[in-house]
Amino acid sequence: MSKRGANLGLVALLLLSFGLRIFESGRGGLRLDEAGQAWAATQPTLGEMLVIERTHAMALPLDYLVTRAMAALSDAELVLRLPSAVWATLNVALLYALARVVTGRRLDAFLAAFLLAFSPLHIYFAQVLRFYAALSACYALSSLTLYRAIRRPTPRRWLAWGMATLAGAYFHPFVLTSVAGGAVYYLLAGPLRPANRAGLRRFVVSAALVGLLFLPGFLVFGGREQYAFDPFEWSQSLDRVILSGLDWTNAFFDATWTAARVWAWANAAFAALGLIILWRRPDRVTPFSLVIGALLSIGLIVAAVLLRGYWLLPRQLLHLTQVGIILAAIGVAGSVEALTGRLHAARRPVAQVVLVGALAILAVAAAGTQLRPYYATPWSTGREAALALLEHHSGDAPAYVIPGYELQSFQYYLDRPEVADRGIRLRPVTLEELAAELAQENPEVVFLAVLSPGTPDALVPYTDLGFTTVYDDTTTPGRRYMLLARGLDGP
């Protein structure tokens, strides 16, 4: 692949990537953790923001400061989510550069960027007001600067790696897993070889300095927070966490054989083939160190999450999907070269373009089956339920929320400057606590914001207490927020 063709293709990919990541980004209200971050970032003072931010798991301050800056411009969901779309678009360029460095081949790098550009999983997290898109981009940047420093171990390049890694870690601590790739590289390349001694020494010093400079932030921003959750409450098993977390197609576990699932399994096969191709290359130490480093990172992340007593979730491995994408890209390129290798030299380029084009069409079609319903579906209705509460609430009528952890999904909208003077404060309760308070105080009008499947059976405990539905959206398959009321004359 020519340099000019790769550059033009990359520019087109970046424009397309941004379009896919920004399209319909403002259509839905903020969801649980999104609302929590926005609520923290829009506190009156920086100190109040940091107090709330320190209660959020794995949360470091830089992403919250970015959200705070965006909220100063506008509190519209599209604006607040814009940095995630920008990070995710930048990620495509960074992955191209990283794959170019570790494989030395433009076609491998371009195909990796293409697979990332059309990854439904990465597009989804590009539309989430959280640190995941920043984590993925910063991990790619950290790995890129690492392998550039390994290739030419000058003090300036090691400084660049240290700065990129430290800055990324203050967006999310899992950026530090890039260190594993460097450690594996020097183990594979021979740490005692004279040619590696200077680079190894600078790597160790740089990594130590990054760790020392990150430690205060880690201790201040949640390093002492401990949880007692069932690690598989939301993810079923460790193998599902890992396989789902590394599935950039987001279709590996689909129940039916759709185009998306076919493409998911094809990607797995291409990634396996990519490993075989790498093994046969003479310059395999660099790419294999990235792969083995990613595998070690999975173990480190699982251990860290279990030690904290937190949930094991597939999204904790999002940044590592890029390593699998590089392997799949190598497998695709190797397959195309093998299938066209015996053709006449004049016909080979055309045949390669046709094969790559066919695979590209399959990738786009598979992504489309995931993205079309995603773009068209309201995945959260907390904003609408909060607006319904603002419309119907009056006086000092009490308002509750079940489950209590969903408080922020509603309260963020109730605290916006234009309505904050209404003074509506939701009280988190359990169903038992709510029943007891209603029996004791028996207020004339009561509101209840609830996260529920909305089925008649699920609503029975609330209807038994005299609640009726004020707001519901039966079309959402995501977080279905409802507003119920007791004693209200009518909806």
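Computed from heavy atoms alone, side chains included, the values below leave out hydrogens, waters and symmetry copies.
For the residue pair Y481/S409, the side-chain donor-acceptor check at 3.5 Å is satisfied. Donor-acceptor pairing under 3.5 Å is lacking for the side chains of D473 and T381. Between the side chains of S84 and Q127, not a single donor N or O lies within less than 3.5 Å of an accepting N or O.
When F214, W87, F221, Y64 are each tested for a ring pair (Phe, Tyr, Trp, His ring centres under 6.0 Å) with F171, only one passes: W87. Checking each of Q411, E406, Q408 against L426 for a side chain to side chain contact (heavy atoms under 4.5 Å, CB included) leaves exactly one that passes, namely Q411.
Remark: R148 CZ is loosely packed, at most 12 non-hydrogen atoms of other residues, nucleotides or ligands lying under 6.0 Å away. In D396, the CG atom is not crowded: 12 or fewer heavy atoms of neighbouring residues, nucleotides or ligands sit closer than 6.0 Å. Residue M58 qualifies as enclosed at atom CE: its count of foreign heavy atoms under 6.0 Å is above 12. Crowding of E444 atom CD: a count of heavy atoms from other residues, nucleotides or ligands under 6.0 Å not exceeding 12.
Under the 3.5 Å distance criterion, the side-chain polar atoms of N267 are matched with a main-chain donor or acceptor of W263. With hydrogens and angles ignored, the 3.5 Å screen pairs no side-chain donor or acceptor of S142 with any backbone N or O of C138. No side-chain donor-acceptor contact under 3.5 Å links Y400 to the backbone of V450. Not one N or O on the side chain of Y413 forms a donor-acceptor pair closer than 3.5 Å with the backbone of G382. Side chain of T469 to backbone of Y471: no donor-acceptor contact under 3.5 angstrom is found. Formation of a donor-acceptor pair under 3.5 Å by the S244 side chain with backbone atoms of V241 is not found in this model. In this structure a side-chain-to-backbone donor-acceptor pair under 3.5 Å is missing from S136 to A133. Without hydrogens or angle criteria, T145 side chain to L141 main chain gives a donor-acceptor distance under 3.5 Å. Judged purely by atom type and a 3.5 angstrom limit, S235 has no side-chain atom pairing as donor or acceptor with the backbone of S237.
Contact of the L135 side chain with the F125 side chain is not registered, since no non-hydrogen atoms from C-beta on lie closer than 4.5 Å. Side-chain contact between L60 and P173: present, with at least one pair of heavy atoms (C-beta onward) separated by less than 4.5 Å. L144 is listed as a side-chain neighbour of V101, based on a closest heavy-atom distance under 4.5 Å. Side-chain contact between V305 and W311: absent, with no pair of heavy atoms (C-beta onward) separated by less than 4.5 Å. Looking only at side-chain heavy atoms (C-beta outward), L65 and M49 come within less than 4.5 Å of each other. Put simply, the side chain of I402 reaches to within 4.5 Å of the side chain of Y462, judged on heavy atoms. Two residues are said to be in side-chain contact when any heavy atoms from C-beta on lie closer than 4.5 Å; L451 and P403 meet this criterion. Contact check for L246 versus I298: side-chain heavy atoms found under the 4.5 Å cut-off.
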- Task: Check the pair T468 / R486 against side-chain contact (heavy atoms from CB on, under 4.5 Å), numbers first and verdict last.
- Result: CA-CA 6 Å; T468 58; R486 190 177 85 163; over 6 Å; no
- Evaluate the criterion side-chain contact (heavy atoms from CB on, under 4.5 Å) for residue pair I123 and Q370; output intermediate values, then yes/no. CA-CA 10 Å; I123 291 171; Q370 299 268 323; over 6 Å; no
- Message: Please evaluate residues L62 and V66 with respect to the criterion side-chain contact (heavy atoms from CB on, under 4.5 Å), reporting the C-alpha separation (whole Å), side-chain torsions for both, the decisive distance (0.1 Å), and the verdict.
- Response: CA-CA 6 Å; L62 288 189; V66 171; 5.7 Å; no
- So Y374 and Y124, ring-ring contact (aromatic ring centres under 6.0 Å, His included) or not? Walk me through it. CA-CA 8 Å; Y374 168 70; Y124 168 75; 5.8 Å; yes
- Does the side chain to side chain donor-acceptor pair (under 3.5 Å) test come out yes or no for T455 and D457, once each step is laid out? CA-CA 5 Å; T455 62; D457 289 344; 5.7 Å; no
- Task: Please test L459 against F467 for side-chain contact (heavy atoms from CB on, under 4.5 Å), starting from the C-alpha separation and ending with a verdict.
- Result: CA-CA 9 Å; L459 294 177; F467 285 95; over 6 Å; no
- Query: Under the ring-ring contact (aromatic ring centres under 6.0 Å, His included) criterion, do Y375 and F23 qualify, and how do the steps go?
  - Reply: CA-CA 8 Å; Y375 287 140; F23 181 67; 4.8 Å; yes
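F110 and Y96 have their aromatic ring centers separated by at least 6.0 angstrom. Centroid-to-centroid, the aromatic rings of Y139 and F174 stay 6.0 Å apart or farther.
The CG atom of N91 sits 11.5 Å away from atom NE2 of H319, with the distance rounded to the nearest 0.5 Å. With rounding to the nearest 0.5 Å, the separation of CG in L176 from OG1 in T165 is 7.5 Å. Considering CG of L306 and CD1 of I301, their distance stands at 12.0 Å, rounded to 0.5 Å. If you take CD1 on I242 and CG on L238, they are separated by 4.0 Å, rounding to the nearest 0.5 Å. Here I325 contributes atom CD1 and L116 contributes atom CG; the two are 4.5 Å apart, rounded to the nearest 0.5 Å. In this structure, R100 CZ and I326 CD1 are separated by 13.0 Å, a value rounded to the nearest 0.5 Å.
In terms of heavy-atom proximity, E77 sits nearest to R416 at OE2-NH2, 3.6 Å. In this structure, T249 and A264 approach most closely via the heavy-atom pair OG1-CB, 3.0 Å. In terms of heavy-atom proximity, V79 sits nearest to M70 at O-CE, 3.4 Å. Residue A93 comes nearest to L14 through the heavy atom pair N-CD2, 3.8 Å, listed as atom of the first residue, atom of the second, then distance. Residue A140 comes nearest to L94 through the heavy atom pair CB-CB, 3.9 Å, listed as atom of the first residue, atom of the second, then distance. Residue T67 comes nearest to Q37 through the heavy atom pair OG1-NE2, 2.9 Å, listed as atom of the first residue, atom of the second, then distance.
Applying the ring-ring contact (aromatic ring centres under 6.0 Å, His included) rule to F131 yields the partners H172; only residues at least two apart in sequence or on another chain are considered. Residues satisfying the salt bridge (charged side-chain N to carboxylate O under 4.0 Å, His left out) test with R427, not counting sequence neighbours, are E437.
In summary, D33 and R315 engage in a salt bridge, as defined by a charged side-chain N under 4.0 Å from a carboxylate O. D247 and R240 are not joined by a salt bridge, as no carboxylate oxygen comes within less than 4.0 angstrom of a charged side-chain nitrogen. Ion pairing of E48 with R68 is absent here, as no side-chain N (NZ or NE/NH1/NH2) approaches a carboxylate O to less than 4.0 Å. Looking at R31 and E34, a side-chain N of the basic residue comes within less than 4.0 Å of a carboxylate O on the acidic one, giving a salt bridge. A salt bridge is defined here as a Lys NZ or Arg NE, NH1 or NH2 lying under 4.0 Å from an Asp or Glu carboxylate O, and R480 with D472 meets this definition.
Under the 30°/60° scheme for interplanar angles, the aromatic rings of F447 and H393 are found to be tilted.
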